[in-house]
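Everything below concerns the one structure shown next.
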Amino acid sequence: MEENNTKDEIPGRSLNFIEEIIEEDLRSGKNGNRVHTRFPPEPNGYLHIGHAKSICLNFGLGKKYNGKTNLRFDDTNPVKEDVEYVDSIKEDVKWLGFDWEDREFYASDYFEQLYEFALILIRKGKAYVCDMSADEISETRGTPTRPGKESPFRNRTVDENIDLFSHMRAGEFPDGAKVLRAKIDMSSPNMHMRDPIIYRIIHTSHHRTGDTWCIYPMYDFAHGQSDSIEKITHSICTLEFEVHRPFYDWLIQEIGIYAPRQIEFARLNLSYTVMSKRKLLELVQNKFVSGWDDPRMPTICGLRRRGYTPEAIRNFADTIGVAKRDNVIDINLLEFCIREDLNARASRVMGVLNPLKIVLDNFPEDLVEEMEAVNNPENPSAGIRKVPFSKELYIEEEDFMENPQGKFFRLSPGKEVRLRSAYIIKCESVIKDPISGRIREVHCTYDPLTKSGMPESNRKVKGTLHWVSVKHALKAEIRLYDRLFTVENPDNAEEGKTYIDYLNPDSLQVKTGYIEPSVKQVLPLDKLQFERLGYFSVDYDSTAENLVFNCVVTLKDKRPK
RNA sequence: UGUCCGAUGGUGUAAUUGGCAACACGUCUGCCUCUGGAGCAGAAGAGUCUAGGUUCGAUUCCUAGUCGGACAACCA
């Protein structure tokens with residue numbers, strides 16, 4: 001896979017705490033110089049920017065230490081999982097620029113093995129079949145501060161347990177009738193050690209194993225052992241699994257298999273959005289957004305549709321770093337990353353979102369001049385293009401003020417302004433609608449000696465405006481986005497409210513814009529900078545007849561702080 | 001009330017493992033500019049949660065406390 005210009009290999013940069021652990025293990029020869037990580041999603045939802053952090057971390061570490069990274073689906077719950085999700089996850093990881101080669105695994109690949117592991121536990125007297133209901137189990141589990149009570153089925157004989165467990169597998173019991181539990185310690189201060197359930201009965205067909213199984217391992221019984229089976233050296237996961245680690249260690253120990261080292265890091269939180277799968281799903285289901293890939297969503301597919309690039313996301317992941325303390329990253333940083341990337345690579349183009357007609361009184365009626373415009377001042381090799389210029393133009397409504405006050409450097413009566421890549425023009429008069437008083441058009445004169453590139457063109461004027469020729473401009477649908485939520489932390493809702501109450505009603509604004517004709521051939525996901533406005537990406541809905549652009553980010557955040 | 005984890009400018013991450021805190025974003029100022037973008041130059045902003053202890057010396061080690069987070073799905 002193509003190595004991109006992600007700046008994740010800055011020499012001399014200090015190591016994060018995970019790299020430190022890895023290098024320590026490398027020095028001590030712990031895994032015979034191997035570094036092997038994995039990204040282990042459950043296929044029950046779409047990936048979001050938080051997952052991107054984990055993906056970049058895991059695959060980044062694999063790459064950095066010349067190791068390997070697996071993609072493994074932890075598909076232990078058939079009622080919530082679906083191939084739709086595995087496909088989207090694969091697409092997103094690939095799009096982010098990572099390659100798991102031939103190591104696409106599934107916890108369901110290990111079901112038989114996991115069943116054997118359960119048998120080992122039973123034979124050792126470390127697991128038992130329990131007939132209590134879900135409610136009873138939950139009642140006897142105790143609380144974090146109060147010990148639980150032992151199940152009356154806790155002391156069944158090994159033979160009875162083996163027998164019962166095989167009948168569970170054979171489908172002789174209905175859902176919920178029995179579970180297999182690890183036999184550890186009902187009074188452990190760690191709730192996860194109070195005889196946790198390791199197998200439950202679910203008569204639902206699985207997206208990969210079909211109806212082969214009607215008992216499924218719990219995540220906690222599958223995850224650690226799957227890592228072990230895959231000989232993962234460093235199992236990197238988020239903080240909430242820290243409390244599970246003692247149980248994973250116990251299992252590995254009792255079963256007697258290879259022990260990966262689990263390292264937990266703090267998950268990503270982004271301001272002005274929500275990150276939980278459940279909430280994102282609600283936004284989709286309740287139609288607050290158009291779908292998982294709505295450009296306002298923090299999902300990978302949403303960001304992709306919005307116009308984010310894999311490079312920008314990887315740089316973002318690299319910039320935020322990784323540590324154990326809770327964090328909330330300012331969404332401005334994400335925006336900074338995409339601006340930085342697009343500034344270097346997006347071609348500049350002119351487009352007007354709120355048109356105001358300009359008539360150049362001294363410009364020949366039918367003349368069309370082809371103006372040469374630089375495609376990207378940051379990158380001369382991007383070349384130049386021609387932009388038609390004629391007597392009637394559109395400029396941005398807000399670039400004209402009849403009675404300017406203060407530091408207004410744009411067009412106003414009697415004042416001069418530069419039209420980007422074209423001429424300097426002077427405002428002569430304003431024509432208004434006699435009834436509404438609205439400005440209908442602005443009459444100007446142009447100075448023929450000031451054409452861009454001509455010797456006389458260096459005269460200084462304070463402002464430079466973008467423009468488009470009325471009769472050449474292409475109409476386009478422009479979708480402007482604002483933050484999905486009005487508050488920094490929608491999760492932290494006040495009494496009686498939920499995050500839904502903080503949805504920004506103005507997060508989507510659709511406009512008809514006029515764009516220079518050079519954009520005629522754009523394809524979905526093409527990136528452009530509309531000069532002085534922002535970066536835009538062609539939407540999937542765009543066709544040759546109906547261009548549709550998404551605003552990725554404006555050039556500079558003008559939002560009051 | 002228990003166990004585990006964490007605490008460094010506004011935000012995030014560092015500090016060569018004990019030698020008086022750095023980088024990025026943001027903010028501010030100036031320069032430059034045919035994008036009020038970008039770029040360039042500079043500045044402000046934390047004495048590292050608190051109190052003790054060890055030490056010549058502590059952001060780094062120890063103790064206690066404070067605050068924040070995680071944990072009581074047959075979810076992951």
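In what follows, chains carry the letters A, B, and so on, assigned in the order in which the sequence lines appear, proteins first and then strands, with residues in each chain numbered from 1. Excluded from the calculations below are hydrogen atoms, water molecules and symmetry mates; all remaining heavy atoms, backbone and side chain alike, are included.
As rounded to the nearest Å, U48(B) and G12(B) have C1' atoms that lie 15 Å from one another. Comparing the P positions of A64(B) and G6(B) gives an interatomic distance of 15 Å, to the nearest angstrom. Here, C5(B) and A44(B) have their P atoms 40 Å apart, quoted to the whole Å. Taking the P atoms as reference points, A14(B) lies 10 Å from A7(B), given to the whole Å. To the nearest whole angstrom, the two P atoms, one in A21(B) and one in C25(B), are 22 Å apart. Remark: the separation of the P atoms in G18(B) and G57(B) is 16 Å, to the nearest Å. As rounded to the nearest Å, U11(B) and U17(B) have P atoms that lie 29 Å from one another. Spacing between U50(B) and C67(B) at atom P, rounded to whole Å, works out to 15 Å.
Residue contacts shown for R245(A) are absent, as no nucleic acid heavy atom lies under 4.0 Å away. Residue A323(A) is in sugar-phosphate contact alone, with no base atom involved, counting any heavy-atom pair closer than 4.0 Å across all strands shown. At a threshold of 4.0 angstrom between heavy atoms, the contacts of V79(A) with the nucleic acid are absent. Contact annotation for N327(A): backbone-only contact, meaning every heavy-atom pair under 4.0 Å involves sugar-phosphate atoms and none involves a base. Among the atoms of the strands shown, base atoms are found under 4.0 Å from some heavy atom of P377(A). Within the nucleic acid shown, R410(A) comes within 4.0 Å of at least one base atom, counting heavy atoms only. When heavy atoms are screened at a 4.0 angstrom cut-off, Y199(A) is found touching no nucleic acid atom at all. Residue E20(A) is in base contact, counting any heavy-atom pair closer than 4.0 Å across all strands shown. Within the nucleic acid shown, S133(A) comes within 4.0 Å of at least one base atom, counting heavy atoms only. Across all strands shown, H466(A) has no heavy atoms under 4.0 Å from either base or sugar-phosphate atoms. E264(A) comes within 4.0 angstrom of nothing in the nucleic acid, heavy atoms only. Base contact: G453(A) has a heavy atom under 4.0 Å from a base atom. Among the atoms of the strands shown, only primed sugar atoms or phosphate atoms (P, OP1, OP2) are found under 4.0 Å from some heavy atom of M218(A). Contact annotation for M371(A): no contact, since no heavy-atom pair falls under 4.0 Å across all strands.
In this structure C31(B) sits in a base pair with G39(B), meeting the Watson-Crick or G-U test at under 3.5 Å. In this structure C61(B) sits in a base pair with G53(B), meeting the Watson-Crick or G-U test at under 3.5 Å. Nucleotide A7(B) has U66(B) as its partner under the Watson-Crick or G-U criteria, with both atom distances under 3.5 Å. Across all strands shown, the partner of C23(B) is G12(B), judged by Watson-Crick or G-U wobble contacts whose two distances both fall under 3.5 Å.
One finds no side-chain N or O of R532(A) lying less than 4.0 angstrom from the OP1 or OP2 phosphate oxygen of C34(B). At least one side-chain nitrogen or oxygen of K460(A) sits closer than 4.0 Å to the OP1 or OP2 atom of C34(B). Contact check, R141(A) against C74(B): a side-chain N or O comes under 4.0 Å of OP1 or OP2. Residue T464(A) places none of its side-chain N or O atoms closer than 4.0 Å to OP1 or OP2 of U33(B). For C74(B), the OP1/OP2 oxygens have no side-chain nitrogen or oxygen of R181(A) closer than 4.0 Å. A sub-4.0 Å separation between OP1 or OP2 of A38(B) and a side-chain N or O of K556(A) is present. Contact between the side-chain N/O atoms of R200(A) and the OP1/OP2 oxygens of A76(B) is found at a separation under 4.0 Å.
Picking from G69(B), G2(B), A73(B) the nucleotide with the shortest atom distance to the side chain of D326(A) gives G69(B). With A14(B), U35(B), G69(B) as the candidates, the nucleotide lying closest to the side chain of S14(A) is A14(B). Closest to the side chain of E240(A), out of C74(B), A14(B), A70(B), is A70(B). When the nucleotides G37(B), G2(B), C34(B) are ranked by their closest atom to the side chain of P189(A), G2(B) comes out on top. Across U8(B), C5(B), C74(B), the shortest atom-to-atom separation from the side chain of E242(A) is found for C5(B). Closest contact between the side chain of N77(A) and the listed nucleotides C71(B), C75(B), G12(B) involves C75(B).
Of the residues listed (Y85(A), Y106(A), Y110(A)), the one engaging F73(A) in a ring pair (Phe, Tyr, Trp, His ring centres under 6.0 Å) is Y106(A), and it is the only one.
In this structure the side chain of K277(A) reaches within 4.5 angstrom of the side chain of H51(A), judged on heavy atoms. Counting heavy atoms from C-beta on, the side chains of L47(A) and W292(A) never come closer than 4.5 Å.
Base orientation of U17(B): syn (glycosidic angle within 90° of 0). By the rule that a glycosidic angle within 90° of 0 means syn, A43(B) does not qualify and counts as anti. Annotated as anti: G6(B), whose O4'-C1'-N torsion sits more than 90° from 0.
Remark on RNA chain B: of its neighbouring residues R418(A) and N343(A), the 5'-side contact belongs to R418(A), judged by nearest-heavy-atom nucleotide. Closest-nucleotide positions on RNA chain B for I201(A) and R146(A) were compared, and the one nearer the 5' end corresponds to R146(A).
Protein atom CZ of F265(A) is 15 Å distant from nucleotide atom C1' of A70(B), rounded to whole Å. For K178(A) and C74(B), the NZ to C1' distance is 14 Å, given to the nearest whole Å. If you take CG of D330(A) and P of C25(B), they are 13 Å apart, rounded to a whole angstrom. Atom-to-atom, NZ of K462(A) to P of C34(B) comes out at 15 Å; the value is rounded to the nearest Å. Following rounding to the nearest Å, F73(A) (CZ) and A76(B) (P) show an atom-to-atom distance of 16 Å. With rounding to whole Å, R420(A) atom CZ is found 14 Å from U33(B) atom P. The distance from atom CG of D175(A) to atom C1' of C75(B) is 15 Å, rounded to the nearest whole Å. Rounded to an integer number of Å, the gap from CG of D399(A) to P of G37(B) is 14 Å.
Looking only at atom types and distance, the side chain of E230(A) has a donor-acceptor partner in the side chain of N70(A) under 3.5 Å away. A donor and an acceptor atom, one from each side chain of Y219(A) and E42(A), are nowhere located under 3.5 Å apart.
With R38(A) contributing its side chain and I236(A) its backbone, the two residues share a donor-acceptor pair below 3.5 Å.
The six-membered or imidazole ring of H206(A) lies near that of F111(A), with a centre-to-centre distance under 6.0 Å.
Side-chain atoms of E378(A) come within donor-acceptor range of the base of G37(B), with a qualifying N/O pair under 3.5 Å.
In K279(A), the NZ atom is crowded: over 12 heavy atoms of neighbouring residues, nucleotides or ligands sit closer than 6.0 Å.
The shortest non-hydrogen separation linking K527(A) to T309(A) is CE-CG2, 4.0 Å.
Ring geometry for Y446(A) versus Y423(A): interplanar angle over 60°, hence perpendicular rather than tilted (30 to 60°).
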